[in-house]
There are 2 protein chains.
Amino acid sequence: MRRDIFQAVADPTRRAIMVLIAFQAMTPNAIAENFNTTRQAVSKHLRILTECELVKQEQKGREIYYSLEVEKMKEIDMWIEQFRASWETRFNQLDTILSKIKKTRNE
Amino acid sequence: MRRDIFQAVADPTRRAIMVLIAFQAMTPNAIAENFNTTRQAVSKHLRILTECELVKQEQKGREIYYSLEVEKMKEIDMWIEQFRASWETRFNQLDTILSKIKKTRNE
DNA sequence: TATACACGCAACCAATCGGTTTCACAAATT
DNA sequence: AATTTGTGAAACCGATTGGTTGCGTGTATA
């Protein structure tokens, strides 16, 4: 029972669900209509997403509305953050190299 | 044989390897010394990372140096990007609510 | 009250995963 | 030339995964 955000996001169906409920809460049945799987399969995905707090539930009568907990996504963003500086630096280095080449050509 | 960036990043050992070789290229043996697994296990992780182009190899004699392909990380960043606007908006909404509460208290 | 609906949960299943062990091969060292 | 070293690849194994089917429960509707 691994409840890790990265593991949760690894599945393409779960990513699609996340996008789907990002801007409007939806019931499991409504979500399932968008995929070629059963409601139970979607329900399982929702359970995983709920357990790692990427999704929140809201009961309304006999229906349960699921919506994305966008804040939680920051945790992924934070992990990538440590590399962002690196790839921006690389760009700068490339710029430096390119301008040096240009300079050499013009000499 | 699923070669998906998100699936590659899902494994904690692979994430650790990525951090390890982000700033300096390393051989499989050297990488393996940092974990409680065999070189072969690390080698398997490196294969997966290589296949989805998160890592590049450089042969030097009988040694192979692996290093992170930081540029590829942007693909994950791009997926998160679609939610970033949303969570920033939420913050703004929260700010608005908080300042309203503050205002009410002061009245 | 009986029926239909929305849902979660448990049992089961084939496929995949992360790991180990064993092997083969090429490059360095003796 | 023989040995050691660094490596990838294949065979195998138990655990996990994503999926299905069948069930029980609570809420709406007839």
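Keep in mind that this is a model prediction, so the values were computed, not measured. Chain A is the first sequence line, chain B the second, and so forth, proteins listed ahead of strands; every chain is numbered from 1.
If you take CD of E58(B) and C1' of dT7(D), they are 16 Å apart, rounded to a whole angstrom. Taking atom CG of residue L46(A) and atom C1' of nucleotide dG18(D), one finds them 14 Å apart after rounding to whole Å. Atom CZ in R15(A) sits roughly 11 Å away from atom P in dG18(D) (whole-Å rounding). F6(A) has its CZ atom 19 Å from the P atom of dC17(C), to the nearest Å. Rounded to whole Å, atom P of dC9(C) lies 9 Å from atom CD of Q57(A). To the nearest angstrom, C1' of dT20(C) lies 16 Å from CZ of R47(B). In this structure, D4(B) atom CG and dT16(C) atom P are separated by 15 Å, rounded to whole Å. If you measure from atom CD of E63(B) to atom P of dT4(D), you get 19 Å, rounded to the nearest angstrom.
The side chain to side chain donor-acceptor pair (under 3.5 Å) pairs that include a residue from residues 14-31 of chain B are R14(B)-H45(B), where partners are two or more places apart or lie in different chains.
For K44(A), there are no salt bridge (Lys or Arg N to Asp or Glu O under 4.0 Å) partners two or more places apart in sequence or in a different chain. Not a single side chain to side chain donor-acceptor pair (under 3.5 Å) links Q57(A) to another residue, sequence neighbours left out. Residues passing the salt bridge (Lys or Arg N to Asp or Glu O under 4.0 Å) test with E63(B): none are found, sequence neighbours excluded. Remark: E33(B) pairs with no residue by the salt bridge (Lys or Arg N to Asp or Glu O under 4.0 Å) rule, at least two apart or across chains.
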Readout for nucleotides 19-30 of chain D: B = base within 4.0 Å of protein heavy atom, S = sugar-phosphate only, - = neither; 5' to 3' it is BBBB----BS--

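One finds a side-chain N or O of N29(A) lying less than 4.0 angstrom from the OP1 or OP2 phosphate oxygen of dC7(C). Put simply, Q7(B) has a side-chain N or O that comes within less than 4.0 Å of OP1 or OP2 on dC17(C).
Annotation: cation-pi pair K56(A)/Y66(A) absent, no NZ/CZ under 6.0 Å from the ring centroid and within 45° of its normal.
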